[in-house]
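Read through the structure below, which is laid out as structure tokens, and then see the notes.
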Amino acid sequence: MADITFTGNLGADSKMTFTRSGSPVLNFRVCDTKSKKDGNGGWEKVAEQWFNVELWGSIAEFLADQLLSGVRVKVYGQFYLREYNGKNGRGYSLDVKASAVEVLTSSRDRQKLAGQNQEPPEQPDGGNWGTPPNQDPPF
């Protein structure tokens with residue numbers, strides 16, 4: 001197996017399973033899309049690569065509720081080519097055994113993806129989140 005690091009978006013919600021011995025395994029698919037500017041100022045998709053990712057252990061349990069369809073992640077791990085027999089004959093899949101997954105989508109955006117438009121909790125000291133009222137951000 002060879003090392004790989006890539007960034008992409010989940011194509012569907014992750015799925016948690018457990019081995020017979022009780023070890024957690026989180027499976028999900030990530031699409032890494034490469035784009036370039038077209039002549040009209042927009043973006044044109046140049047290439048698209050799908051990865052089947054598996055993540056093991058306590059980190060899998062921790063991330064299971066966060067890895068939803070559309071969430072952007074950075075995956076670190078090792079990849080291998082898996083052969084399978086499908087309805088159209090023999091095929092190949094690029095699979096990744098992740099050693100770490102970094103969630104790049106904010107928790108607020110993940111809540112929107114999950115359909116839970118919840119407001120963030122108030123701070124214990126009653127302070128504001130983010131920019132003070134009636135002030136522009138400093139950038």
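All values reported here derive from a predicted model rather than from experimental measurement.
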Of all the heavy-atom pairs spanning [X] and [Y], show the shortest one and how long it is.
{"X": "K45", "Y": "S35", "value": "CA-OG, 4.0 Å"}
{"X": "Q66", "Y": "V103", "value": "OE1-CG2, 4.0 Å"}
{"X": "S69", "Y": "G11", "value": "OG-O, 3.5 Å"}
{"X": "P24", "Y": "A60", "value": "O-CB, 4.4 Å"}

Under 3.5 Å, side chain of [X] to main-chain N/O of [Y], donor-acceptor pair present?
{"X": "D38", "Y": "N40", "answer": "yes"}
{"X": "S93", "Y": "R82", "answer": "no"}
{"X": "D95", "Y": "Y80", "answer": "no"}
{"X": "T105", "Y": "R72", "answer": "yes"}
{"X": "N9", "Y": "G70", "answer": "yes"}
{"X": "S14", "Y": "A64", "answer": "yes"}

Quick one, [X] and [Y] - any side-chain contact, counting heavy atoms below 4.5 Å?
{"X": "S99", "Y": "Q78", "answer": "no"}
{"X": "V101", "Y": "I59", "answer": "no"}
{"X": "W43", "Y": "K37", "answer": "yes"}

Verify same cluster id: [X], [Y] (apolar side-chain graph, 4.5 Å):
{"X": "L94", "Y": "L10", "value": "yes"}
{"X": "F28", "Y": "V25", "value": "no"}
{"X": "Y76", "Y": "V53", "value": "no"}
{"X": "W56", "Y": "F79", "value": "no"}

> Can you list the residues that meet the ring pair (Phe, Tyr, Trp, His ring centres under 6.0 Å) rule with F51, with sequence neighbours excluded?
Replying inline: F6
As an exercise, state the distance from [atom1] of [X] to [atom2] of [Y], rounded to the nearest 0.5 Å.
{"X": "K15", "Y": "L67", "atom1": "NZ", "atom2": "CG", "result": "15.5 Å"}
{"X": "L68", "Y": "L63", "atom1": "CG", "atom2": "CG", "result": "11.0 Å"}
{"X": "N27", "Y": "E54", "atom1": "CG", "atom2": "CD", "result": "6.0 Å"}
{"X": "D32", "Y": "K74", "atom1": "CG", "atom2": "NZ", "result": "11.5 Å"}

> Without hydrogens or angle criteria, can the side chains of N52 and R29 be said to hold a donor-acceptor pair below 3.5 Å?
Replying inline: yes
> Is the CZ atom of F62 crowded by more than 12 outside heavy atoms at less than 6.0 Å?
Replying inline: no
